[in-house]
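Have a look at the structure below, then the notes.
Heavy-atom basis, side chains included; hydrogens, waters and symmetry copies ignored.
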Amino acid sequence: MPIALVDCNNFYVSCERVFNPNLEGKPVVVLSNNDGCAVARSNEVKTLGIKMGEPWFKMEKLARQHGIIALSSNYTLYGEMSSRVMSILSNFSPQQEIYSIDECFLDLSGFAHLSLAEYGLRIQQTVKQSTGIPVCVGIAETKTLAKLANHCAKKRLAGNDGVCDFGMLGDVERSTLYASIPVGEIWGVGYKHTEKLQTLGIQTVEDLRTSALERIRKHFSVVLVRTVQELNDIPCIELEDAGVPRQQIMVSRSFGTKVSSLSELSESVAQYATLAAEKLRHDGSVASSLCVFIRTDPFKEGEKQYHNSVIVPLPIPSDNTSHLVGAALAGLKQIYLGSFRYKKSGVLLMTLQPKATMQHDLFEVADHQAKSDSLMQVMDAINHKMGKGSLSTGASGIRQRWSMRREKKSQNYTSSWSELIVAK
């Protein structure tokens with residue numbers, strides 16, 4: 001069963017370049033929340049030795065020397081571009097698993113009559129032409145090998161041009177290629193596994209692929225045993241249905257400036273509960289409980305530390321923003337202590353279930369649910385048309401002094417009429 005793994009190259013940077021071609025060929029880094037550290041790097045930045053997660057303050061001197069352009073994360077833009085890319089990719093296979101914001105698996109089992117390498121090139125060219133986003137394609141018989149093939153496509157390890165089909169390689173070619181790739185590059189083999197494998201003399205992909213299953217089973221869990229089988233073209237990890245609803249929904253942010261007052265913490269919790277409720281309705285689900293948490297800055301030496309959380313059960317499963325905000329604020333009051341400077345808060349919706357199958361309250365007023373649904377539909381429609389956050393609860397506040405810093409953010413090219421590109 002051939003599987004393709006399509007991965008967008010330097011996705012956040014590529015999204016920025018689509019709408020600002022002046023960034024092409026220049027070193028660009030996208031920063032995390034509050035402009036903290038690097039979460040995306042252009043190839044030009046990677047060649048300078050800047051690692052993923054490198055704090056911005058550590059690279060500022062290097063940035064001045066080499067003209068590195070730093071941008072704040074523009075998650076609305078990246079989410080919109082991801083939707084466009086995934087929509088296009090869905091046309092290339094009847095079964096698609098969206099694995100992350102910038103990559104997905106495609107089942108190519110019905111395309112054996114085609115040259116899969118050429119099909120991969122068509123995928124690559126179509127996405128680039130339709131969205132401006134460059135992608136690499138890895139094709140193999142299992143998901144683990146497809147991820148590895150994609151790694152080879154990005155690194156140009158198999159004489160490819162951004163598309164690598166392991167089915168085109170002979171046994172000797174594949175063995176030689178695998179022997180040149182460190183074992184840590186395998187999907188699912190983390191840092192601790194890598195260290196332990198190396199102590200057993202397993203240094204490369206080929207070393208792990210040719211290891212006896214009994215030996216791996218003796219030292220590791222069944223997960224790594226399946227990985228070895230997948231490396232030997234034995235599928236053990238099925239493609240998942242892209243429509244499977246989430247089991248939990250979390251919205252959490254670090255503050256742009258530390259917060260001490262209950263009123264400002266309440267604004268943040270209300271805002272996060274509002275955003276989580278929107279995602280819940282998008283999935284067609286309802287929540288039966290939620291968790292609220294707050295914490296100080298664990299990296300700030302000399303400051304008093306405190307973190308706490310509380311689970312708040314809902315009397316009736318709900319997707320109503322007002323209900324969820326009210327429950328979150330009630331939970332916050334239970335754990336808030338006024339003598340601390342807080343750095344982060346968050347809301348986690350739990351015990352999710354499809355709204356279509358939820359059990360209603362026997363004593364609920366007949367039209368109460370219908371009115372609630374109508375109100376939420378109007379709220380979502382306005383925010384979709386006018387922009388996220390156009391209509392929110394009063395509890396979320398207006399000034400939001402605590403909002404995360406995004407001083408280098410680009411325009412909302414795809415979601416704000418006032419920020420659309422003007423062609424001249």
Side-chain angles (χ1 to χ4, degrees), residues 6-36 38-46 56 60 63-64 66-91 98 100-103 123-136 162 253 256 271 274-275 278-279 282 378-392 396 398-401 403-424:
V6 185
D7 189 8
C8 302
N9 300 343
N10 309 324
F11 181 58
Y12 290 178
V13 172
S14 295
C15 289
E16 300 286 356
R17 284 175 166 171
V18 168
F19 296 95
N20 186 358
N22 291 328
L23 299 176
E24 289 287 351
K26 295 179 181 177
V28 180
V29 62
V30 175
L31 303 175
S32 63
N33 291 348
N34 294 309
D35 296 340
V39 293
R41 304 157 295 154
S42 67
N43 290 334
E44 296 80 6
V45 169
K46 293 176 182 178
W56 171 242
E60 279 189 285
R64 287 192 295 269
H66 297 278
I68 296 175
I69 300 169
L71 298 170
S72 301
S73 296
N74 189 341
Y75 296 117
T76 301
L77 173 65
Y78 309 149
E80 171 64 24
M81 293 302 292
S82 174
S83 297
R84 295 183 185 186
V85 170
M86 298 307 164
S87 176
I88 290 165
L89 291 175
S90 68
N91 296 320
I98 299 176
S100 68
I101 191 172
D102 63 346
E103 58 184 326
I123 291 173
Q124 184 186 56
Q125 292 163 0
T126 303
V127 174
K128 178 66 174 177
Q129 182 178 8
S130 301
T131 68
I133 301 293
V135 301
C136 284
R253 305 278 191 277
Q271 178 70 5
T274 298
L275 295 174
E278 290 178 6
K279 296 181 180 182
H282 181 269
V378 170
M379 184 176 182
D380 291 340
I382 291 174
N383 285 330
H384 178 74
K385 182 177 181 179
M386 306 304 295
K388 188 180 291 288
S390 297
L391 185 61
S392 187
S396 300
I398 299 174
R399 291 183 58 211
Q400 297 185 337
R401 188 181 64 88
S403 294
M404 65 179 181
R405 293 192 306 274
R406 291 197 291 177
E407 298 169 355
K408 309 173 190 296
K409 190 181 80 68
S410 56
Q411 296 172 219
N412 293 319
Y413 299 108
T414 60
S415 58
S416 174
W417 287 108
S418 62
E419 297 181 47
L420 293 179
I421 286 180
V422 178
K424 297 181 180 180

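- Atom CG of D35 is separated from atom CH2 of W56 by 9.0 Å, given to the nearest 0.5 angstrom.
- Smallest separation of non-hydrogen atoms from R17 and E24: CB-OE2, 3.7 Å.
- Between the side chain of T131 and the backbone N or O of I133 there is at least one donor-acceptor pair closer than 3.5 Å.
- Residues S42 and N10 have side chains that never bring a donor and an acceptor to within less than 3.5 angstrom of each other.
- The heavy-atom pair separating V30 from S73 by the smallest distance is CG1-OG, 3.7 Å.
- Around the CD atom of Q129, the shell of radius 6.0 Å holds no more than 12 heavy atoms that belong to other residues, nucleotides or ligands.
- The shortest heavy-atom contact between E419 and N412 is OE1-N, 2.7 Å.
- Across all their heavy atoms, L391 and M379 have their closest contact at O-CE, 3.5 Å.
- Nearest heavy-atom pair, V45 versus V29, reported as atom, atom and distance to 0.1 Å: CG2-N, 4.3 Å.
- Heavy-atom minimum distance, I101 versus M86: O-CE, 3.7 Å.
- Distance alone, capped at 3.5 Å, is enough to place a donor-acceptor pair between the N74 side chain and the Q411 backbone.
- Relative ring orientation between Y12 and Y75 is described as perpendicular, the plane-to-plane angle rising above 60° on a 0-90° scale split at 30° and 60°.
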